[in-house]
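First the structure, in the form of structure tokens, and then the observations on it.
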Amino acid sequence: MLEIQNLTKKYGKHLAVDHVTFTVPTGQVGILLGPNGAGKSTIIKSIAGLLRYEGGVGIERMPARTLEAKRIFAYVPEIPAMFDALTVREHIEYVRRAYDSPITEEGIQELLRRFELDDKQGKLGNELSKGMMQKVSICCALAIQPRVILLDEPMVGLDPAAIKELKEVVLELKAQGVTVLISTHMLEMVKELWDVMFIMEHGKIIGAYTREQTKDADIEELFFQITGGGEAS
């Protein structure tokens, strides 16, 4: 479960996020949407622990700032950052050791195979394309074997095969009881994935829906109706 409670963030006098509250239930896939300047990026960075904020973020009913919560939380940023001098395999090994993950060697090899990185394990971070860096970032997050995972624009830069694989991974995580939050403007990519949807505008949640409530309505039409045609981002 991922719980956001009265989260508020100011930049000087500017109120970027205004007492936002929402929950992604255990084992469900949530999507976070909003036009430019809605405050979505601030929410994401707050959940990931990259910003100071007022309010609360709970991961499996634990405060997000605790070490116990951080051990079971994974984050795939919109812009992946690699260590120039580490290889693809060393990035995953670094994360595995940092989190003391129980993932096996077979599990690591399976991740690399699924994202077509098995023959690129020796490539250095500064030799990778944007798409390859995104794949490595996803593999590192999955290697933690998290209970809650946040994916920020995870499909940007991925080739069609990798997008298909990531969708399958998200559904597998859901089946395993993992809580997933995806921030994306590529609405067509998450149509078959989402369970709960949150739409932000002007620093607030202006719409929250479950798949059952919408009866499989087109989420793009729903987004544009509630935002008045604002561009998702």
Side-chain angles (χ1 to χ4, degrees), residues 2 24 27-36 40-41 43-45 47-48 73-82 88-89 91-92 95 103 107-121 123 125 127-146 148-200 209 211 214 216-224 231-233:
L2 175 64
V24 183
Q28 292 196 10
V29 178
I31 57 174
L32 182 64
L33 308 171
N36 289 326
K40 180 169 60 69
S41 294
I43 287 283
I44 293 163
K45 291 176 181 178
I47 294 172
F73 174 78
Y75 169 50
V76 178
E78 179 179 3
I79 302 174
M82 302 287 104
V88 167
R89 176 54 194 256
H91 276 89
I92 297 175
V95 169
I103 190 169
I108 292 174
Q109 291 299 330
E110 177 64 9
L111 284 177
L112 292 167
R113 183 197 63 77
R114 293 187 70 170
F115 287 94
E116 300 181 324
L117 292 170
D118 47 343
D119 61 342
K120 300 176 179 65
Q121 296 188 48
K123 278 189 171 291
E127 298 176 332
L128 303 177
S129 67
K130 167 66 166 62
M132 287 178 64
M133 286 193 289
Q134 188 75 345
K135 291 180 183 181
V136 175
S137 185
I138 291 168
C139 287
C140 286
L142 296 175
I144 296 170
Q145 297 189 333
V148 176
I149 184 168
L150 170 58
L151 303 159
D152 187 9
E153 297 291 358
M155 297 170 187
V156 173
L158 294 183
D159 56 74
I163 290 175
K164 179 177 182 293
E165 198 65 50
L166 180 58
K167 288 182 179 181
E168 291 179 1
V169 166
V170 169
L171 292 175
E172 289 170 10
L173 290 172
K174 175 181 173 179
Q176 295 163 9
V178 176
T179 304
V180 182
L181 178 61
I182 303 173
S183 169
T184 184
H185 70 278
M186 302 172 70
L187 303 186
E188 71 281 1
M189 297 294 184
V190 295
K191 284 182 178 180
E192 69 270 38
L193 301 178
W194 73 284
D195 296 298
V196 290
M197 174 171 58
F198 310 101
I199 300 175
M200 288 193 69
Y209 304 91
R211 183 178 286 276
T214 63
D216 289 327
D218 187 282
I219 61 173
E220 290 182 343
E221 291 183 5
L222 190 60
F223 174 83
F224 290 128
E231 181 182 357
S233 72

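Basis for what follows: all heavy atoms, side chains included, without hydrogens, waters or symmetry-related copies.
When all heavy atoms of A141 and A74 are compared, the pair lying nearest together is O-CB, 3.6 Å. Of all heavy-atom pairs spanning L32 and I43, the tightest one is CD2-CG2, 3.9 Å. Of all heavy-atom pairs between E153 and Q134, the closest is O-NE2, 3.5 Å. The nearest pair of heavy atoms linking S183 to D152 is OG-OD1, 3.4 Å. In plain terms, the two heavy atoms of F115 and K135 that are nearest each other are O-CD, 3.2 Å.
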Exercise for the section: For the pair V29 and V190, evaluate side chain to side chain contact (heavy atoms under 4.5 Å, CB included) and give the outcome as yes or no after the intermediate values. Expected result: CA-CA 10 Å; V29 178; V190 295; over 6 Å; no
Practice task
Take L151 and V170 through the test side chain to side chain contact (heavy atoms under 4.5 Å, CB included) and record every step on the way to the result.
Solution key: CA-CA 10 Å; L151 303 159; V170 169; 4.2 Å; yes
Exercise for the section: Evaluate the criterion side chain to side chain contact (heavy atoms under 4.5 Å, CB included) for residue pair I138 and L158; output intermediate values, then yes/no. Expected result: CA-CA 11 Å; I138 291 168; L158 294 183; 4.1 Å; yes
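Sorted by first and then second residue, the pairs that involve residues 168-182 and meet side chain to side chain donor-acceptor pair (under 3.5 Å), not counting sequence neighbours, are R114-E172, K164-E168, K174-D195.
With sequence neighbours left out, the side-chain hydrogen bond (donor to acceptor under 3.5 Å, both in side chains) criterion links E127 to no other residue. With sequence neighbours excluded, the residues that form a ring pair (Phe, Tyr, Trp, His ring centres under 6.0 Å) with F198 are F22. Take D118 and apply the side-chain hydrogen bond (donor to acceptor under 3.5 Å, both in side chains) test, not counting sequence neighbours, and it matches no residue. Residues meeting the salt bridge (charged side-chain N to carboxylate O under 4.0 Å, His left out) test with K191, sequence neighbours left out: D218. For K45, there are no side-chain hydrogen bond (donor to acceptor under 3.5 Å, both in side chains) partners at least two apart in sequence or on another chain.
Two residues are said to be in side-chain contact when any heavy atoms from C-beta on lie closer than 4.5 Å; Q109 and R89 meet this criterion. At a threshold of 4.5 Å between non-hydrogen side-chain atoms, the residues L128 and K123 count as touching.
Within 6.0 Å of CG in L171 there are more than 12 heavy atoms belonging to other residues, nucleotides or ligands.
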